[in-house]
Every structure is written in structure tokens, then in C-alpha cells.
Amino acid sequence: MPKHLKINAESLSSWPLWLLAAWLWAFALVAYSGWPRLWGMIPLGPDGGIWIVLFAAVCTLIALAPAACRPAPAGRRFKAFAEKLDHPPLRTAGLFLLCLAVCWAAWHFKSRNHFMGDGWLYLSEVEKPFHLMPARVLDFFLHQSFHRLLTSQGESSGETAYALLHCLLLPLFLGVCWHTAGLVASGFRRRLAVWSFMAFSSALQLFAGYVESYTLLNLWSAFYLYSGVKHLSGGREKATVPWMPTLFFLLAFFSHHSGLVLGPSLLFLWLNKLLPARMVKNRLSNPFLLVAALSCLGLVLGPIVFKSTRPLLVPLAAAGENLKAPYSLFSCRHIWEKFNFLLLVCPVAAVALPVIASRWRTFRKPNPAAFVFVFWCAAGCSVFAVIFNPLLGIRDWDLLSLPAVPLALFCGWGLLAVLEKRSWSDQFLAALALAAAVHGSAWVWVNSDMQRGIGFLDRVRRVDYHRSTGKLNLAYMLQEKGFYQSAVRQYQQVEGENLKEKALINIGYCFLVMGMPDSVIYYYDKLDNLQVDLSTTKKLYMRLAFAYDMKGSPAEAATIFLRMVRGGLELDPEERHYWLDKLERSGMTGRNYQLSLRDPPDAGALLFLLRYHLLGGRSSQLDLLYRRILAGRFPAEDWLRLLEFASACGHAEYVEPMLHEARRQHPDHPSLRERGH
């Protein structure tokens with residue numbers, strides 16, 4: 001056996017290696033099964049999971065096989081080749097080409113799935129006249145400014161503005177992560193591992209064209225982290241004032257106010273500068289810093305507690321789901337959900353934190369000031385993510401991704417400290433970095449296609465504790481995006497009387513848009529026994545009337561319309577314009593006009609045109625139609641429908657002449673005789 005392949009039994013007995021191997025295979029099996037209860041671990045279903053199983057096998061070999069053997073001698077050929085290329089012009093050209101490649105890859109795999117957050121709202125918001133958003137002043141100002149720049153070049157899409165800006169920022173984000181990793185890790189391989197932990201955290205998704213308001217927040221946070229570590233690593237932290245970290249903190253805060261959670265670490269920077277060294281001990285367990293951090297955290301929680309109109313902190317009541325049990329901070333549901341969140345935001349933490357905790361005594365002695373600074377960055381953001389819990393963290397995962405980069409850096413730096421004297425540490429870090437890379441890349445791949453994103457969210461909603469609310473929200477967003485069949489499938493799974501009513505109303509709308517009037521009528525018939533509000537009633541009547549028109553039954557449509565008229569419901573100008581435009585686009589106006597010109601004229605077509613011109617307020621057209629009615633011959637039943645319409649709509653000047661003509665044509669019809677009396 002070659003000397004460098006001699007078995008190292010001591011390395012094989014180390015439990016962190018077996019923990020990593022077990023986690024990799026759990027990661028793979030969950031991906032293969034598509035089990036959504038661990039939705040943060042990997043977003044793939046069984047079809048894509050087979051590749052994760054193969055990847056887990058490779059990573060396990062990387063972690064265990066080299067660790068069981070003594071490391072082989074380092075090769076010198078690659079080093080010599082790299083030295084030949086180490087010239088400023090070549091480095092600059094290579095860096096430029098690398099940035100282009102990164103931007104191209106980000107644009108090629110840019111996110112088209114805006115359903116997990118509020119991104120679908122910003123698509124239209126950014127296209128509106130210029131305005132500022134109170135909680136994200138700088139973020140919205142920069143996005144709207146970039147949109148105005150693109151508009152001047154002929155591109156007016158809000159989605160393009162968000163996606164292009166975020167893709168262009170990806171090289172900058174990866175670059176600052178690389179420089180930050182260089183401050184804490186010596187050697188290329190260890191630096192690459194720490195960089196992978198940060199680069200492939202959940203923040204990566206925001207820079208891959210994701211439409212949200214947290215991309216700049218994460219970028220400024222990464223710059224803040226770098227400037228703070230650099231300030232404390234230079235040995236001159238007492239001689240210089242931390243102006244640069246403070247500037248990036250303010251940029252993060254004004255991009256989104258949740259950036260205030262970086263406050264404890266900024267407080268540490270200034271205390272480290274202003275107070276004597278004996279008062280500020282660079283220890284993670286310093287009681288003075290802990291009290292200061294909790295005070296700063298109160299600044300974050302205060303506005304949420306006193307100004308919010310709904311509970312955003314745990315314990316969070318499951319409103320709207322008829323669930324009486326509270327959702328408390330230490331309940332199993334909350335702990336399980338936050339474990340999933342941890343896997344989503346920073347997958348390396350699932351292995352790194354237990355390893356670091358097992359060697360906690362290492363961190364009880366005085367630590368470098370920069371390491372304590374990173375700890376408070378990660379702690380402030382993580383505590384915020386644990387107690388801030390809108391819709392269980394599923395809808396606002398992008399806001400809760402704020403701890404991603406600080407937590408990844410803390411885990412990487414902590415692992416370097418724990419594994420410093422281990423011969424297999426490089427292999428351990430390499431396997432963990434590969435796992436983070438595949439995890440982050442899988443999320444980008446899923447979000448790059450709407451159908452894949454919809455499939456993933458559908459798996460999540462099956463086990464969501466706010467299941468029906470989540471289904472309803474997802475279905476509504478799908479409906480807004482034009483995925484009507486997918487929306488109907490989500491609406492059909494909604495339960496609960498109040499939510500079911502909303503679902504049925506929107507199911508009818510989806511079928512109406514898809515041109516399936518029979519389905520519209522079928523689902524709206526189920527609403528007869530439900531109490532709906534006034535604005536909803538108007539929508540129901542108009543959609544049902546339109547469905548009968550589409551079905552070719554204008555007489556029934558006019559009857560439905562008259563229910564609304566008799567109920568005193570009136571459409572506002574915007575609603576009138578909407579329905580007139582819908583009728584014109586469908587071609588029903590022209591079709592029914594041709595039918596009304598027949599001899600004898602078609603009563604159903606005349607009823608349609610009466611309703612159409614009534615919606616438009618066209619009195620001259622109504623007068624012409626009534627004159628044509630008076631000149632025509634109709635069956636008694638059609639006369640009754642026409643008379644009913646004229647009476648209900650208040651066209652009294654035409655009722656008497658129409659009744660006289662109807663009696664003349666049908667003198668023996670009992671209903672016509674009784675109507676006159």
C-alpha cells in the first residue's frame with residue numbers, strides 16, 4: 001500500500017465526519033422522496049432528487065475516504081501554471097470575463113417564480129408614477145430609477161427592471177463574499193470553502209433575478225460584514241473610527257428597516273472604539289454586550305409590537321383557520337418550522353452549529369474582536385428571524401434570509417477554529433461546501449421556471465399549518481399570473497366556510513376566462529346558500545350573466561342582470577368600462593347585433609343589446625332598439641321578457657307602447673291581459 005494511503009483510524013472515529021455523512025444522505029433521501037415537511041432542505045421532487053442521491057454519494061466519499069487516509073502530497077504543476085497567469089492584465093481580463101459569465105448565468109436562470117413573497121406586487125408597483133415606500137425608501141428609489149433608465153431605452157417591464165438589476169449585482173455580491181472569506185481563512189481551499197458557505201446561502205436566490213425588496217438589503221449587509229471584519233482585523237481598531245461599517249449599516253437600514261437587526265454588532269464596533277479595553281472584553285459571553293444587544297433588539301421589536309395591525313411575532317394565532325391553539329415561541333410547531341428555515345437560509349449551519357457547540361470551550365476564552373463582531377451580526381439577524389414570523393416564514397422567506405451571509409460566515413469561521421489541527425479538515429470543508437453549492441443551485445433552478453416553482457409550493461401547502469389560507473393566496477397569485485388551471489386546482493382544495501366562498505367565486509372567474517361557461521354556472525350555483533357582501537354580489541351577477549351570454553343564452557343572461565337591477569346594485573364607471581370591454585372583446589356585441597337584424601328579430605339578441613347599451617349609458621341606441629322592438633313580432637313569452645326588462649330598468653315611456661303592441665299580437669294571452677291591470 002502506498003505510504004500516503006495509510007489508513008488513519010483516528011480520523012475515522014471522529015463524529016463530525018459521520019454527522020456530515022448522515023446529513024448528506026438525509027438531504028438526498030428527502031430530495032428523492034419530495035417529502036415537503038422538510039421543505040427547506042431541498043426544493044426538488046422525486047424527478048430531480050435522483051441526482052441529489054448521486055451527489056450525496058460523491059460528497060460522502062470526499063468526506064470519508066480522504067479522511068481515512070493521510071493526505072497525498074500537493075501537486076506542483078497546477079501551482080506553476082497559476083503563477084504563469086499571475087499578471088495584472090491577464091487578471092483584469094479574466095475578472096471581466098468571469099463577471100460577464102456570472103451575469104449571463106444569472107440571467108439565464110433568473111427567477112420567474114414570484115409566489116413565495118410579495119414580488120408579484122412589485123412588478124406593477126415599479127411601473128407606477130414615482131413614489132417612495134416608507135419601509136424601504138432607498139430600495140424602491142433605486143429600483144424605480146433603474147426602471148426609468150430602462151424605459152428611456154424602450155424597455156418598460158417592471159419584471160425586467162428588477163431581474164436585470166439583481167443579475168448585474170450578483171458579481172458584486174460574490175466578490176465581496178470572496179474578500180470577506182479571505183479575511184478569515186488562510187489558504188485557497190479553506191477560503192473557497194468559506195466563500196461557498198456564504199455565496200450559496202439563500203441570499204443567492206435574490207441575486208438570480210428574484211423580484212423582491214430584500215436584494216439590496218442583503219448586498220449592503222454583506223458589505224457591512226466585510227467592512228466590519230476588515231476594520232477589526234487590521235490591528236488599528238482603536239486608532240480608527242468605524243465610519244465605513246456605519247455607512248453600510250445606514251444603507252442597509254434605509255433599503256429596508258429590518259436592517260436594524262445589525263444594530264448589536266454596530267454597537268459592539270463603537271463600544272470597542274470608545275470604551276477602555278478592560279470594559280469591552282472580546283468574549284462571546286460578555287454580559288455587558290448581551291444587555292446592550294437586547295436593548296438594541298427592543299428598537300426592532302417596538303415598532304412591530306405597537307404599530308402592526310396583525311400579530312407578526314410569536315405566539316402567533318392561526319387566524320382564519322378556526323384553530324384555537326396558540327402558536328407559541330417554544331411550541332414544537334414553531335421549532336420544527338424554524339429548523340426548516342435554518343436549512344433553507346444556511347444549509348451548512350445544520351452541521352456546523354452542532355460541531356461548534358461541541359467545542360464551545362474553545363470560544364469561551366478571549367476571541368478576536370472580528371469574530372465576536374461576526375457572532376453578533378449572525379445572532380441579531382437570527383433572533384429576528386426566529387421571533388418574526390409572518391405566515392410561518394413561508395411567505396416572507398426572502399425577508400427572513402437576512403441572517404444568511406452572517407450566519408454562513410460565522411459557521412465557516414467557527415469550523416476553521418474547531419478543525420484547525422485536524423488533518424482531514426480540508427476534506428470535511430470541501431464536502432460541506434459542495435452540499436451548500438448543490439442546495440443553493442437547486443433553489444435557483446427551481447425558481448427559474450414557474451411550473452417548477454408552482455409544483456414546489458403545492459407540495460409545501462399540503463403540510464402548511466395555514467393550509468387553506470396558503471392555498472387561497474397561492475391560487476390567487478396563480479390566477480393573477482394567468483395560470484388558471486393551476487389556480488383552480490388550488491382553489492378546489494380550500495376548506496372552511498368563509499374561505500370556501502372566496503374560492504368558489506374565483507373558480508368561477510377562472511372558468512369564465514378559460515371560456516367554460518357551464519363550469520361557471522355549476523360553481524356559482526353552489527353560492528346560493530352563502531352570504532356574500534355587496535361588491536361580491538355585483539361581480540357574481542355580472543360574471544354569471546356573461547357566462548350565459550357565452551353559452552348562447554342571452555335571455556337567461558338578461559334575467560340574471562335584472563336580479564342585480566332589482567336589488568338596487570349599480571356599477572361604478574370603472575366596472576361599466578370593464579364589462580363593456582369584455583363584451584366587445586368576446587365578439588358578442590357584433591354577433592347579437594346581426595341576430596337582431598333578422599326578420600323576425602331575435603328577442604334574446606335584443607335583450608343582450610339592451611343590457612349592453614344600458615351599461616354604456618347610450619340612450620340614443622336604447623331608443624333605436626325599443627323602436628325596433630315595437631316594429632317586430634315576437635312570441636308572448638319574449639314580449640314578457642322584454643316588458644320585464646323595460647319595467648325593471650325604469651324605461652317607463654316604452655312600457656305602455658310595448659304592452660299595447662303585445663296585446664294586439666296576442667289578445668288571448670292571460671299574462672299579458674293581467675299585466676295591464
Side-chain angles (χ1 to χ4, degrees), residues 479 482 484 508-524 538-566 569-651 653-655 657-658 661-662 665:
Q479 174 186 316
Y484 297 110
Y509 175 78
C510 292
F511 280 123
L512 185 64
V513 175
M514 289 190 289
M516 303 170 66
D518 290 330
S519 297
V520 178
I521 296 167
Y522 170 77
Y523 278 97
Y524 279 177
K538 290 194 292 184
K539 292 178 182 177
L540 290 178
Y541 281 139
M542 292 305 298
R543 290 174 185 173
L544 197 54
F546 194 85
Y548 276 112
D549 284 330
M550 191 179 294
K551 189 180 178 182
S553 305
E556 285 81 356
T559 302
I560 296 294
F561 180 74
L562 288 179
R563 291 185 194 173
M564 186 179 76
V565 174
R566 289 196 186 94
L569 303 176
E570 295 183 0
L571 298 174
D572 58 38
E574 185 176 346
E575 290 172 324
R576 289 175 181 272
H577 175 75
Y578 170 78
W579 286 109
L580 286 173
D581 182 67
K582 202 168 186 63
L583 289 166
E584 287 171 358
R585 287 179 179 273
S586 66
M588 293 177 188
T589 309
R591 233 178 7 251
N592 284 283
Y593 178 74
Q594 293 296 327
L595 287 173
S596 69
L597 295 179
R598 288 181 180 179
D599 194 14
D602 186 273
L606 290 169
L607 284 168
F608 174 90
L609 293 173
L610 284 170
R611 178 165 60 95
Y612 173 75
H613 292 304
L614 181 66
L615 283 173
R618 300 163 182 158
S619 56
S620 60
Q621 294 294 331
L622 288 171
D623 184 66
L624 290 175
L625 283 172
Y626 280 121
R627 289 178 184 275
R628 177 148 183 80
I629 291 170
L630 289 171
R633 296 188 63 85
F634 304 97
E637 290 73 15
D638 289 344
W639 275 115
L640 288 170
R641 290 195 186 98
L642 293 167
L643 283 165
E644 183 184 20
F645 186 92
S647 300
C649 295
H651 301 153
E653 66 272 23
Y654 301 107
V655 173
M658 288 171 62
E661 183 62 24
Q665 293 180 18

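Not measured: the values here are computed from a predicted model.
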Atom of [X], atom of [Y] and distance for their closest heavy-atom approach:
{"X": "V520", "Y": "G508", "answer": "CG2-O, 3.3 Å"}
{"X": "P517", "Y": "A547", "answer": "CB-O, 3.2 Å"}
{"X": "P601", "Y": "S596", "answer": "CB-O, 3.3 Å"}
{"X": "Y484", "Y": "C510", "answer": "CD2-SG, 3.9 Å"}
{"X": "A605", "Y": "L595", "answer": "CB-CB, 3.6 Å"}

Worksheet item: Under the side chain to side chain contact (heavy atoms under 4.5 Å, CB included) criterion, do L624 and H613 qualify, and how do the steps go?
Response: CA-CA 11 Å; L624 290 175; H613 292 304; over 6 Å; no
What's the separation between atom [atom1] in [X] and atom [atom2] in [Y], rounded to the nearest 0.5 Å?
{"X": "D602", "Y": "F634", "atom1": "CG", "atom2": "CZ", "value": "8.5 Å"}
{"X": "R641", "Y": "L562", "atom1": "CZ", "atom2": "CG", "value": "11.5 Å"}
{"X": "K582", "Y": "T589", "atom1": "NZ", "atom2": "OG1", "value": "13.0 Å"}
{"X": "L642", "Y": "I629", "atom1": "CG", "atom2": "CD1", "value": "4.5 Å"}
{"X": "E653", "Y": "M658", "atom1": "CD", "atom2": "CE", "value": "11.0 Å"}
{"X": "R618", "Y": "L580", "atom1": "CZ", "atom2": "CG", "value": "5.5 Å"}

Student check: side-chain heavy atoms of [X] and [Y] closer than 4.5 Å:
{"X": "R628", "Y": "L609", "answer": "no"}
{"X": "F546", "Y": "M550", "answer": "yes"}
{"X": "L607", "Y": "F561", "answer": "no"}
{"X": "L544", "Y": "Y548", "answer": "yes"}
{"X": "Y612", "Y": "Q621", "answer": "no"}
{"X": "R591", "Y": "F608", "answer": "no"}

Worksheet item: Is a side-chain donor or acceptor of S647 paired with a backbone partner of E644 at a separation under 3.5 angstrom?
Response: no
Worksheet entry | Under 3.5 Å donor-acceptor, R576 side chain and G616 backbone |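 Side chain of R576 to backbone of G616: no pair is present.
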Worksheet item: If you draw a 6.0 Å radius around OH in Y578, do more than 12 non-hydrogen atoms from other residues or ligands fall strictly inside?
Response: yes
Discussion item. Counting neighbours of CZ on R627 that are heavy atoms of other residues, nucleotides or ligands and sit closer than 6.0 Å, is the number greater than 12?
Written reply: no
Worksheet item: Step by step, would you call K551 with I521 a side chain to side chain contact (heavy atoms under 4.5 Å, CB included)?
Response: CA-CA 10 Å; K551 189 180 178 182; I521 296 167; 4.1 Å; yes
Worksheet item: Going through the checks in order, is the side chain to side chain contact (heavy atoms under 4.5 Å, CB included) test met by D638 and L606?
Response: CA-CA 10 Å; D638 289 344; L606 290 169; over 6 Å; no
Discussion item. Once ring-ring contact (aromatic ring centres under 6.0 Å, His included) is applied, do any residues pair with Y654, and if so which ones, sequence neighbours excluded?
Written reply: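 Once residues adjacent in sequence are excluded, the partners of Y654 under the ring-ring contact (aromatic ring centres under 6.0 Å, His included) criterion are Y626.
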Practice prompt. Quick one: list whatever passes ring-ring contact (aromatic ring centres under 6.0 Å, His included) with F511, sequence neighbours left out.
Written response: Y523
